[in-house]
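See below for the structure under consideration.
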Amino acid sequence: MNIFRLFGDLSHLAAIIILLLKIWKSRSCAGISGKSQILFAIVFTTRYLDLLTSFISLYNTSMKMIYIGCSYATVYLIYAKFRATYDGNHDSFRVEFLIVPVGGLAVLINHDFSLLEILWTFSIYLESVAILPQLFMISKTGEAETITTHYLFCQGLYRALYLINWIWRFYFEGFFDMIAIVAGVVQTILYCDFFYLYVTKVLKGKKLSLPA
Amino acid sequence: TDSQSSKDEL
């Protein structure tokens with residue numbers, strides 16, 4: 001464990017908690033893409049099946065349980081409890097265009113052709129594009145609530161910090177996982193446009209609104 | 001293999 005991975009995990013945890021609290025407190029999921037949240041629930045489910053087979057550490061196990069629990073709770077709030085506030089018209093990204101290619105790639109390019117490894121690889125590839133429905137929705141509505149931009153910033157920062165963690169681990173431990181690194185680079189690049197808007201607008205107190 | 005140790009990451 002190094003400082004970059006720790007702060008990456010804390011940033012990810014913050015993102016998940018911010019979103020859950022935003023929906024719970026405002027009793028509304030306006031502006032939130034339910035499709036992205038379903039993809040994240042799939043990412044955690046397929047990646048953390050090793051909860052059933054191996055124990056790494058209390059930290060590892062508890063964080064995985066929290067991620068899975070919060071992601072399913074968020075999906076439940078969006079599609080069940082506060083479904084009346086769900087903006088289905090703007091959440092129209094075709095996720096099958098993500099899941100099918102990612103599934104195919106996971107079967108073709110992986111470290112080991114075993115079920116757990118292919119599911120893990122699928123989860124890594126899916127996570128790199130899981131935010132697209134949310135970014136697409138913001139481009140369609142042309143704006144995002146400030147709390148949603150903080151959620152997105154933490155979500156994007158987490159994998160950026162993981163990239164630094166992988167540089168650190170390569171340099172100090174001689175370890176690298178090309179699949180995780182390439183997917184992590186793609187994932188972080190997808191946030192660049194948002195990062196620019198976040199820094200130039202939200203951090204200056206303005207509302208994030210895209211030129212419609 | 002190297003990928004095993006990336007399983008200790010979240």
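So you know, we letter chains A, B, ... as the sequences are listed, proteins then strands, and number each from 1.
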Should we say atom [atom1] of [X] is surrounded by more than 12 heavy atoms from elsewhere, each under 6.0 Å from it?
{"X": "A/Y196", "atom1": "OH", "value": "no"}
{"X": "A/F170", "atom1": "CZ", "value": "no"}
{"X": "A/M1", "atom1": "CE", "value": "yes"}
{"X": "A/D193", "atom1": "CG", "value": "no"}
{"X": "A/Y171", "atom1": "OH", "value": "no"}

Problem - A/W120/B/S6 under side chain to side chain contact (heavy atoms under 4.5 Å, CB included): CA gap, chis, key distance, verdict - result: CA-CA 11 Å; A/W120 177 83; B/S6 73; 3.5 Å; yes
Handout entry: Interchain contact, A/Y67 with chain B, by part (heavy-atom threshold 4.5 Å)
Key = side chain
Handout entry: A/D50 versus chain B, the contacting section by heavy-atom distance below 4.5 Å
Key =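 Interface part for A/D50: side chain.
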Handout entry: Smallest separation among heavy atoms of A/Y48 and B/L10, with atom names
Key =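 Reported closest heavy-atom pair: OH-C, 3.3 Å.
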Practice task
Say whether A/N60 and B/E9, considering side chains only, have a donor N or O and an acceptor N or O under 3.5 Å apart.
Solution key: no
Problem - B/K7 bridged to A/D177 by N-O distance under 4.0 Å - result: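 No, no charged N to carboxylate O under 4.0 Å.
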